[in-house]
Each structure stands twice: as structure tokens, then as C-alpha cells.
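Every chain is numbered from 1 and lettered A, B, ... according to where its sequence line falls, protein lines coming before strand lines.
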There are 2 protein chains.
Amino acid sequence: LKWLETVKMTNIRLGPGAEFDLIRQFLGDAGHGPDGDPSAVQVGPGDDCAVVSGDLAISVDMTVEGVHFLREWLRPDEIGYRAVAAALSDLAAMAATPIGILVGLALRLEDAHEFGPRIMAGARAAAASANAVLLGGDSARSPGPMVIDVVVVGNAVRPLLRSGARPGDTLWVTGELGAAAAAVRSWKRGDEPEPAARLAFARPTPRIEEANWLAEHGAIGALLDISDGLAGDAGHIAAASDVRIVLDADSIPIHPVVHASSADEALRLALAGGEDYELCFAARPGAVEPLAAQFSEAFGLQLTCVGAVQAGLGVVLRDGNGRIHDLPDTGFDHFGGASG
Amino acid sequence: LKWLETVKMTNIRLGPGAEFDLIRQFLGDAGHGPDGDPSAVQVGPGDDCAVVSGDLAISVDMTVEGVHFLREWLRPDEIGYRAVAAALSDLAAMAATPIGILVGLALRLEDAHEFGPRIMAGARAAAASANAVLLGGDSARSPGPMVIDVVVVGNAVRPLLRSGARPGDTLWVTGELGAAAAAVRSWKRGDEPEPAARLAFARPTPRIEEANWLAEHGAIGALLDISDGLAGDAGHIAAASDVRIVLDADSIPIHPVVHASSADEALRLALAGGEDYELCFAARPGAVEPLAAQFSEAFGLQLTCVGAVQAGLGVVLRDGNGRIHDLPDTGFDHFGGASG
């Protein structure tokens, strides 16, 4: 379910493990901070977006046929919508406001005239839903899978980073997790997903207004969006903030469409399934509780406290009996590295 | 030689023809101008870069294995260098100053650890040579060809567009054309290219300082970089500026490494080969001549007047006898559309 091979190389303080070693190699010296004009770069590699020129947030998000989706799963407009919505979620993850997108699109020659315009129609629809415009792009022939690369550009007047969590904070998520992963599970079994699960995968909602609201209300210490699965993304906060995160198994808000054969499997989809595009944030003790009802009323979306931030490193799971589990032991082996 | 399937979808005033029809479909309403917050978007689709937030130029450039290069042709670091240099050339094409790059990299699993870091080392070297930093990126597994998508970000205080040419202007290019195309021709014949041709393909030089110098000296009316071949890119200026461009066959500066079997073939490589990454610009009559010697001295690069701008549409070629040729008739069929 989780695509091990897809990792944002945007974390200066990366966790241990082979995946992160590779990204460190990709970054080279860039991982240690910008070496050009430092005044132009406010946030370099190490977060959901880079921030340059004062307040401009930029991110790039790659979607590859056969890796992130199969073409049998989605209509072309949904492929475009999903790729852009997922990319816009990186702006939400910084509490940035979208300006526009650019799209790089590699297509087989025979797909150019049929699929191409429909993919781009979906891409434009996702952009429009977030008040972003199509600024430009590049198209190329692909001799293999289609590849959609979406660049998002937004204003981040007060960018919220992954590195702001402190011991004593609480950890929160918006909405419910696991529905997109449930859709993928159905497709992989040869079944058609339930409509709610399919929708969660095909038309994710970047939580842009929600992030800005939470930022304006001072609720957020560290922020990202859940693209790799809560366990993995909590690991990004833990690594960037140099803290330990304890997730409460019984608190994880599992989407009702996640009908699993066991509670363990449901939890696994919610923790490691990925592609949720909900927000995950750390907050100072007591900062969120007074706001939760107002937030839910404004956005029709629940806020759930899913864990605690402690001194230490990595991410662990506390079960209903208070027992602590290393996440690799619970089957999230793609995540073995970052949980330490 | 020319990759028909690769077209920047950045031209609001696109020429006629099937390729541009497709791009118009991709752009949808976006081709008619931004529909979001117009104050945030200074230049939308229609040029080498978009410009947002006052003076930030952004472009995306896709390089696909098997389409833009074969892996047998280049070392991994050269693949990364070339992809980034080509993308940075889009900043030169706006007379913008680079800030940074983001890289989307899709690789076969077996290439991740061997090729990936070497590609990124080349990418970082190309960025550093232009004082740009690696701001971030995304990596994904590819089940097929490797795909490198480079996002460039720069400052464009006075962006120079494709749309500024006027009848009466002269048309100029920097440097010499056709060397990269000659390298591709050699590879396709099964030969090793001559070193100068290979270098032109593997390590192109984005003409960033040159473009800024020309802009500061007020020499430029309309500007772009030559990625599709002079004939095609002159067509972009013609379409964007609503003018006709007459190229002088005898004036085209053909790179000395282009040893062709005939003068016609040499001219064809220089006009249609592509991947030159030299600048092409229109200038007011008499504006460039007084600067040419100073430019050559400063940059070790010649400036050549290659044609004239007239009222009308499209691009034509004037031979040594004064005969006018439609470019489609001279064999540039990939360009049949835009030359009218």
C-alpha cells in the first residue's frame, strides 16, 4: 500500500535508515543548508515546501503510473485532479496560500490526444478548487508510464515547519485516516472500492483553509500533511524536531469505510496506508482543545489528539494496555528506518 | 533530431497546427489568462517562465530517458547536469537571475542507489555553476524510463518576453548552432561524437549572465532560448509578437563541429536540431551593433544577426539568392504548424 520508493527529499534532519541515506546522498551538501545567496532562501530542503524570496513556498510532487496509481483505477480527469490535489497539500502543510501550479506531463504518444487534455482538465479543476491558476508547464513523450509532475507555488507569510515540536506537546490530526489506502487494497484484490474510499483516493482534499485557520488561531507548533501515512509522517516531525512521538493506538481516527478483517489491519491502513492528505500537527499543551468545536463547525471535520511529544527520538505506538510497540515490529517494515 | 513530442506549453499566442492545438487543449481557459488572483501573476502561460509575486520567475522542464537522451550516450552526472542546465536556460530566456532548483526524479529501483546520487551530483553541479541552490525535490520509482523534472526559480526584475518583437527589428543569436544536434546525429549513426559536439549536448551553458548583460544594455525587444531549434523558436517569437520573421540562410552561425555531408544538412542541424540553449532575441534597428564587440570580449561569444522582423505571420527562410522558402518545404516537418 505504501510506496516505499517515494519519499520527499525535503528533510534536513532525516531519520536513520537506507531510504534516508539515499536522500542524503541526493541532497549532498544541499542538505546542510543553502550555499548560494542565503538571503533569498528562507526554507531549503527539509520541509514540505521550500520558501524563497521572503514568502514564496514552492514544492514539486511526482506521480508515476504503475507506482502511485494504475490507469485502470481512475479516469484521466481523476488522475490529473489527484496529482494536483496531492501537490497542493504540500502548501497546506506549510499553512501557505496557493497562487498557481505548473504541470510537467510525460505521456505515451497514443495517450497525448485522448488522455492528455482530460488529465489537464482534472488538473485545472483541482487547481481552481484551491484558487490556484495554471501558470504553465512542459509536456513530453514517454516511452513508458505516464508521469505527472506538479509544481505548486503559494504565499507562506508565516510558514509552519516540521521542526517546531517540543516535548510536552500534543499531536493532532484532522479528519479520518485510511480511506484512500482501503481503496487501493480493494483494487489490488480485484474489487471495486466503496464509493467513499474511491473518492478519498481519487479526489483528495488539500486542507488549505484548515491549515490557515489553525495557524491564525495559534494552534500549531509543527505541521505537515499526511502523505506517507501517519506513522511515517509523525516520524518526519520527530526527526525534524529532534523529539520522540508516542502515538495512541486507540485514538487514531480510522475512517468508517476501512472495514478490515481485524482491528490490527484497520489500524495498519490508518497508520501506514498513506495518501490521506489530512494535516498532522504538534501543539502546545491545551492550545487546541478550546478550538476543536469551533474548527469542527467551520470545516465539518474533526480534530483528534493522537499522541504525545516527548524527549527522545523516533515514533512508537502505545496500545490500549499502555504497552509500547516499536513500529517496525507491528509490520510497518517500509518504515523501519525512520522509527529508529 | 528534434523531439516533436516535447513542447513547452507556455505560449498564449500559439501558432497554428496540431501540436499547438493540443497545448491549447491542455491549457484550457488558462491560455486566456489567469482566473485566480491576477495581482499575484505577472506572466502566466505564454513564455519561458511564469512570473509571480512581483518578480519571481518559475519554469519546469522535463527530461525523459529514451526521448531526450539514451543512457548509453551520457554518464549519470552528465544526465543530471544537462537536465538542470537546460532548465536554467529558461531563466536566461527571461533575463532572470537564478535562486534555486527543485528536482523530481523517477528512477528504476535498480538505478536508485547507483545512478540516483550521481545524477543528483551532476544536477547540483549545474545549479552551483549558476549560483542556484538545490531547494528540494521529490523522488519516485519508475517502472520504465528515468524521468528528471527540474523546476527553476529566479528573480526577474524586468522579465523579457517573447512578445516584444516589432516589425523593423533585427533578430540575433548568441554563439553557434547545431553542435548538440551533431552529437545526437553521431550517436544515432552508432558513432562517438566529436568532443566539442558531445560537450555541447552533455554540458550546455545556460546564457544567464549574457542575457542579463544584454537586458541591462537595453539591447533586447523579445527574448527566448533556443531549445527547439532556431527555426522553431523564432516561430515562438513570431507567434507571441504577432510578426513575421525572415531568417537569412547565409547568416546562420553554424558550429564548426557540424561537418555535414552537404551545406543543406548543416543548415538543417543548425536550424532544427535543437538543444542549443543559445539566446535568440529581437532588437530595435541599430541597437545591438554598437554592443557586439564589447559583448564578444566580455563573454567570448559571438553575436550574429540572423534575420529580420516584418509585419505578417510565421517564419520563412531566405536563401543566398534572395528566394524565400517556407520552412516546411525545406524538410522541417515537425515545425510545419507554427511556420504557417
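Rounding to the nearest 0.5 Å places CG of D138(B) at 8.0 Å from OG1 of T63(A). Remark: R141(B) CZ to H68(A) NE2 distance equals 9.5 Å, nearest 0.5 Å. In this structure, CD1 on I58(A) lies 4.5 Å from CD1 on I58(B), to the nearest 0.5 angstrom. Atom CD1 of I148(B) sits about 11.5 Å away from atom CG of D149(A), to the nearest 0.5 Å.
Within the 4.5 angstrom heavy-atom criterion, only side-chain atoms of L56(A), from C-beta onward, approach chain B. For a residue to count as touching a neighbouring chain, one of its non-hydrogen atoms must lie under 4.5 Å from one of that chain's; by this rule V64(A) touches chain B with the side chain only. With a 4.5 angstrom heavy-atom cutoff, I119(B) does not touch chain A via any of its atoms. When heavy atoms are compared at a cutoff of 4.5 Å, A123(B) does not approach chain A at all.
Among all heavy-atom pairs drawn from P143(A) and V67(B), the shortest one is CD-CG2, 3.7 Å.
Tested against V151(A), the residues V151(B), V153(B), L102(B) include a single side-chain contact (heavy atoms from CB on, under 4.5 Å) partner, V151(B).
At least one side-chain heavy atom of I99(B) sits under 4.5 Å from a side-chain heavy atom of S53(A).
Taking A112(A), G100(A), P98(A) one by one and counting their heavy-atom pairs under 4.5 Å with chain B, the maximum is reached by A112(A). Between chain A and the residues G144(B), G80(B), G116(B), the most heavy-atom pairs under 4.5 angstrom are made by G116(B).
Residues passing the salt bridge (charged side-chain N to carboxylate O under 4.0 Å, His left out) test with E209(A): none are found, sequence neighbours excluded. Legend: residues meeting side chain to side chain contact (heavy atoms under 4.5 Å, CB included) with A57(B), ordered by chain and number and at least two apart, are C49(B), V51(B), L91(B), A96(B), A156(B).
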